[in-house]
Amino acid sequence: MFLFATLSAWADERGERRLESISRHYSAMGNYSVEFLLRAGNAEQRGVMQVEGNNSYLKIADTELFVVDSLRYEVRGSSKEIVIDRADAYEKELLNPLNGFSGVSREFTIEECEVEGRIAVRLTPKKSGETIYIVTGIDGESISKVQYGVGEGRVEVSVEQSKKLNQKLPPFSKERYKGYEIVDFR
């Protein structure tokens, strides 16, 4: 039992160090952009996430998400709706560019493992939910893909390209979305 506890603690330390390494990799890029492919069941959607300091922009399908000056604007094209809220209300989102992976250890058991021949980090929820795998690229620091769920409920986000962002984030403007209903939770 002692050996198991020792090996488990060692795996957790390696996993936490790997997450720190991934965070440092993206922090070192400064402002960056990630293009990705989201697969859920038989559906696929391409998307992009851009990060500039504490501000970010995410676009997938007809949804855009702007985080600007501690506010979160979720623009839903199909329902012509804008939801405004405080960005800190979403701190627990796993891949939140505002906090990287800080606080993940409170919610998940972290272990380094291997997935498809690549170094990965397995995040097992301490209470309930799906196990998440963060699979690294060949360098062991960039994210190649994120997987969670099983069977038809499986979701996979494959990173197609990440690069330094040399342009400004698309600005949020209510004028751009005239006729949209605004739901303000601030």
Side-chain angles (χ1 to χ4, degrees), residues 7-40 44-60 63-70 72 74 87-126 129-149 154-171:
L7 290 175
S8 180
W10 185 60
D12 288 353
E13 287 177 21
R14 284 188 1 204
E16 288 180 19
R17 282 197 310 268
R18 181 67 57 188
L19 280 182
E20 289 170 9
S21 178
I22 292 168
S23 289
R24 278 193 309 272
H25 170 80
Y26 287 98
S27 292
M29 291 175 78
N31 301 339
Y32 62 92
S33 173
V34 175
E35 295 175 21
F36 60 88
L37 177 65
L38 171 71
R39 290 185 189 97
E44 290 185 352
Q45 293 287 335
R46 294 200 181 287
V48 63
M49 180 178 72
Q50 299 174 339
V51 177
E52 183 180 288
N54 286 331
N55 297 331
S56 63
Y57 171 76
L58 175 83
K59 172 143 180 54
I60 187 158
T63 301
E64 294 177 277
L65 183 66
F66 299 83
V67 175
V68 182
D69 299 328
S70 76
R72 183 181 193 267
E74 184 173 335
D88 64 359
Y90 298 85
E91 285 179 339
K92 290 187 177 185
E93 289 181 348
L94 180 63
L95 299 176
N96 182 341
L98 291 177
N99 63 3
F101 295 108
S102 68
V104 170
S105 62
R106 286 189 301 271
E107 304 288 327
F108 296 91
T109 299
I110 304 167
E111 300 171 287
E112 187 173 277
C113 63
E114 189 174 299
V115 173
E116 299 169 0
R118 296 273 175 96
I119 296 171
V121 177
R122 178 177 38 241
L123 303 174
T124 307
K126 290 183 177 178
E130 299 287 344
T131 298
I132 300 168
Y133 291 89
I134 301 172
V135 183
T136 65
I138 295 171
D139 61 7
E141 295 181 333
S142 61
I143 297 174
S144 170
K145 66 174 100 175
V146 177
Q147 302 171 327
Y148 58 95
R154 181 178 172 159
V155 176
E156 180 176 281
V157 178
S158 297
V159 174
E160 296 185 324
Q161 180 180 31
S162 38
K163 62 183 179 183
K164 187 164 182 54
L165 184 63
N166 295 319
Q167 62 197 40
K168 292 284 187 189
L169 293 180

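All residue numbers in this chain count up from 1 along the given sequence.
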Closest heavy-atom pair and its distance - [X], [Y]:
{"X": "Phe66", "Y": "Pro170", "value": "CE2-O, 3.5 Å"}
{"X": "Tyr57", "Y": "Glu64", "value": "OH-OE2, 2.6 Å"}
{"X": "Gly15", "Y": "Ile110", "value": "C-CG2, 3.5 Å"}

What's the spacing between [X] [atom1] and [Y] [atom2] if we round to 0.5 Å?
{"X": "Leu19", "Y": "Glu112", "atom1": "CG", "atom2": "CD", "value": "9.5 Å"}
{"X": "Gln50", "Y": "Glu35", "atom1": "CD", "atom2": "CD", "value": "8.5 Å"}
{"X": "Lys163", "Y": "Ser33", "atom1": "NZ", "atom2": "OG", "value": "6.0 Å"}
{"X": "Glu13", "Y": "Glu16", "atom1": "CD", "atom2": "CD", "value": "7.5 Å"}
{"X": "Met49", "Y": "Leu65", "atom1": "CE", "atom2": "CG", "value": "10.5 Å"}
{"X": "Arg18", "Y": "Arg14", "atom1": "CZ", "atom2": "CZ", "value": "8.5 Å"}

Arg122 versus Thr131, side-chain donor and acceptor atoms under 3.5 Å:
no
Hey, is the main chain of Asp69 close enough, under 3.5 Å, to the side chain of Asn54 for a donor-acceptor pair?
no
Salt bridge (charged side-chain N to carboxylate O under 4.0 Å, His left out) with Glu52: which residues, sequence neighbours excluded?
none
Ion pair Glu44/Arg39, N-O distance below 4.0 Å:
yes
Determine whether more than 12 heavy atoms belonging to other residues, nucleotides or ligands lie under 6.0 Å from atom NZ of Lys126.
yes
Side chain to side chain contact (heavy atoms under 4.5 Å, CB included) with Val34: which of Val48, Leu58, Val159, Val51?
Val159
Between side-chain atoms of residues 136-149 and protein atoms elsewhere (two or more places apart, or another chain), which donor-acceptor pairs fall under 3.5 Å?
| from | atom 1 | to | atom 2 | distance (Å) |
| --- | --- | --- | --- | --- |
| Thr136 | OG1 | Ile119 | O | 2.8 |
| Asp139 | OD1 | Glu141 | N | 2.9 |
| Asp139 | OD1 | Ser142 | N | 2.9 |
| Asp139 | OD1 | Ser142 | OG | 3.0 |
| Asp139 | OD2 | Ser142 | OG | 3.3 |
| Glu141 | OE2 | Ser21 | OG | 3.3 |
| Lys145 | NZ | Glu116 | OE1 | 2.9 |
| Gln147 | NE2 | Glu156 | OE1 | 2.9 |

So, do Met29 and Asn31 sit near enough that their side-chain heavy atoms are less than 4.5 Å apart?
no
